[in-house]
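Please read the structure below before turning to the comments.
Quick note on labels: first sequence line is chain A, next is B, and so on, each numbered from 1.
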There are 2 protein chains.
Amino acid sequence: MAGTGVREVARRAVHAEITSAAEFLFREQGYDATTVDQIAERVGMSQRTFFRHVGTKEDLVLAEFDRQSERMVADLQSRPAGEDPWTSLRHAFEVVVGQREDPTVRERAKLMMSIVETSGTLRAAYFDRMDLVQRQLVDVLLGRAHNTESRVIMRALVGAAFAALHAVSENCDLDDGPDTFAADLDQVLARLAPAVV
Amino acid sequence: MAGTGVREVARRAVHAEITSAAEFLFREQGYDATTVDQIAERVGMSQRTFFRHVGTKEDLVLAEFDRQSERMVADLQSRPAGEDPWTSLRHAFEVVVGQREDPTVRERAKLMMSIVETSGTLRAAYFDRMDLVQRQLVDVLLGRAHNTESRVIMRALVGAAFAALHAVSENCDLDDGPDTFAADLDQVLARLAPAVV
DNA sequence: CCGTTGGTGACAGTAGCTGTCAAAGTTGCT
DNA sequence: AGCAACTTTGACAGCTACTGTCACCAACGG
């Protein structure tokens, strides 16, 4: 199902080229001011073909977040079932924390985030996807062997953890000092956690 | 600035009529399947005039939430500055809880929420607005006299409280039993709270 | 009574996105 | 190599939310 190899490679290459062109234009003129036609023209393809490869203009920016989300869900699944949710979530967040370690990747992530924050529709779509991951994480946690929590509580728990993640994320994207992401996250989570376990 | 009285009344009446027509159609065929043209035609006006009164199709559904948000911010502002944030927020949430008391209003709110949940763009816009209120609430709390919390912490705190609100909201909209909203909210908030104060 | 002001409709245009169809290119099998 | 099956592509047309423009009409004010 992974395609005929060659075709799949071609697809990825095209997709990468589109993404690169789009990012250039977004950085240059902003997300909203950049039209799909401009991106398509820059890559040298018709608008129709663009949409066959990309699906949505939003996806160009949010695809990265989706990949991260998938990994988060997978990571949470591979945590011991006996572990308390809060700790498990902190470990799942490691995929976000880890990406901050490489300065290049970090800057890229900041850029993406700043683009997201400038566009209303984009920001909205981002939040919607965050909600989706949260639901998936809740399902994972509820499905664990010795779980005793109700869905409502679990939803609130996961939501709270994400609130911490989001707060720290926002904060670190702002100041340009040394990246204190991991430390800040631990601090905020600790502030929210104690009763929660 | 409040208009010439007469005109303002007319405006409100027209707006109400549009809203009513829209809600009928949304309930009948769903949000996405209902076009702006259909709504405009039902009220007997041109599409252009519709947009002069409404601004956005989304607004027809989300205006109610905006009003609630405004009241929440106002309520939070009128709380004693010495009160701990968590308690203050619980009181601010009273505007949501209170609306659940009148069965008519409650059913209407449930309907609205169910419409929001069916449409992707609508859901996304809803989340974006929730984020906006949260930011406003954070600013209020940070502006209080004897506040010692950092912005990050406050953001996480407010986010956690909203996670609880959202979880309970989702839960109560599902089951049709007696409305246990207030009790559930208190329970979930208590579960999240203790360390927080 | 007339000028200003505000609402309205008709028209046209933009941006994102989808369906359709025929042409061109690829792949696989013989 | 040669042919049939499958994919990809571009051109065209269409839909929906939304905005700009302009002329028209009605109410309000002096």
Side-chain angles (χ1 to χ4, degrees), chain A residues 1-19 21-22 25-26 29-63 115-116 118-126 128, chain B residues 1-19 21-22 25-26 29-63 115-116 118-126 128:
Chain A
M1 248 309 167
T4 328
V6 183
R7 289 210 212 254
E8 193 55 24
V9 170
R11 269 197 83 77
R12 278 179 207 283
V14 173
H15 193 281
E17 208 175 334
I18 296 175
T19 303
L25 290 171
F26 290 162
Q29 3 168 309
Y31 176 84
D32 287 325
T34 303
T35 73
V36 167
D37 286 334
Q38 284 176 330
I39 305 172
E41 198 204 335
R42 192 155 213 277
V43 186
M45 60 173 57
S46 72
Q47 194 211 50
R48 194 66 188 84
T49 306
F50 168 93
F51 277 115
R52 273 193 275 253
H53 281 275
V54 164
T56 294
K57 191 185 167 191
E58 288 171 1
D59 285 348
L60 285 172
V61 180
L62 300 181
I115 293 176
V116 169
T118 57
S119 163
T121 61
L122 206 46
R123 219 175 37 229
Y126 168 78
D128 194 33
Chain B
M1 247 310 170
T4 330
V6 183
R7 296 213 204 243
E8 193 54 26
V9 170
R11 269 198 80 79
R12 277 179 207 283
V14 173
H15 193 281
E17 208 175 332
I18 297 175
T19 304
L25 290 171
F26 290 162
Q29 2 167 309
Y31 177 83
D32 287 325
T34 303
T35 74
V36 166
D37 285 337
Q38 285 177 329
I39 305 173
E41 198 204 335
R42 190 155 216 276
V43 185
M45 60 173 56
S46 73
Q47 196 212 49
R48 194 66 187 86
T49 305
F50 168 92
F51 276 114
R52 272 193 275 254
H53 280 276
V54 162
T56 294
K57 192 185 168 190
E58 287 171 0
D59 285 348
L60 285 171
V61 180
L62 299 180
I115 293 177
V116 169
T118 58
S119 163
T121 61
L122 205 48
R123 219 175 38 228
Y126 167 78
D128 194 33

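As rounded to whole Å, 8 Å separates atom P of C:dC17 from atom CG of A:D59. Distance CG (A:D32) to P (D:dC18): 14 Å, rounded to an integer number of Å. Residue B:E58 contributes atom CD, which lies 13 Å from atom C1' of D:dT16 at whole-angstrom precision. Atom CD of A:Q38 and atom P of C:dT14 are 13 Å apart (whole Å). Put simply, CZ on A:F51 is 14 Å from P on D:dG10, counting in whole angstrom units. For the pair A:R52 CZ and D:dT7 C1', the computed distance is 10 Å after rounding to whole Å. When the P atom of C:dC17 is taken as reference, atom NZ of A:K57 falls 8 Å away, rounded to whole Å. For the pair A:D37 CG and C:dG16 P, the computed distance is 7 Å after rounding to whole Å.
Here the OG1-CD1 distance, from A:T49 to A:I18, works out to 8.5 Å after rounding to the nearest 0.5 Å. How far NE2 of B:H53 is from CG of B:L60: 12.0 Å, rounded to the nearest 0.5 Å. Taking CD1 of B:I115 as the start and CG of B:L122 as the end, the distance is 8.0 Å to the nearest 0.5 Å. In this structure, CZ in A:R12 is found 12.0 Å from OG1 in A:T19, a value given to the nearest 0.5 Å.
Distances shown here put every side-chain N or O of A:H53 at or beyond 4.0 Å from the OP1 or OP2 atom of D:dT8.
Nearest nucleotide to the B:T49 side chain, out of D:dC18, C:dC17, C:dT8: C:dT8. Taking every side-chain heavy atom of A:Q47 into account, C:dG16 is the closest of C:dG16, D:dA17, D:dA11. Side chain of B:R7, nearest nucleotide from C:dT18, C:dG6, D:dT16: C:dG6.
Residue contacts shown for A:T121 are absent, as no nucleic acid heavy atom lies under 4.0 Å away.
Interface remark: the B:R11 side chain does not form any donor-acceptor pair with the C:dG7 base, using a distance-only criterion of under 3.5 Å.
Cation-pi contact between A:K57 and A:F26: absent, since separation from the ring centre below 6.0 Å together with deviation from the ring axis within 45° is not met.
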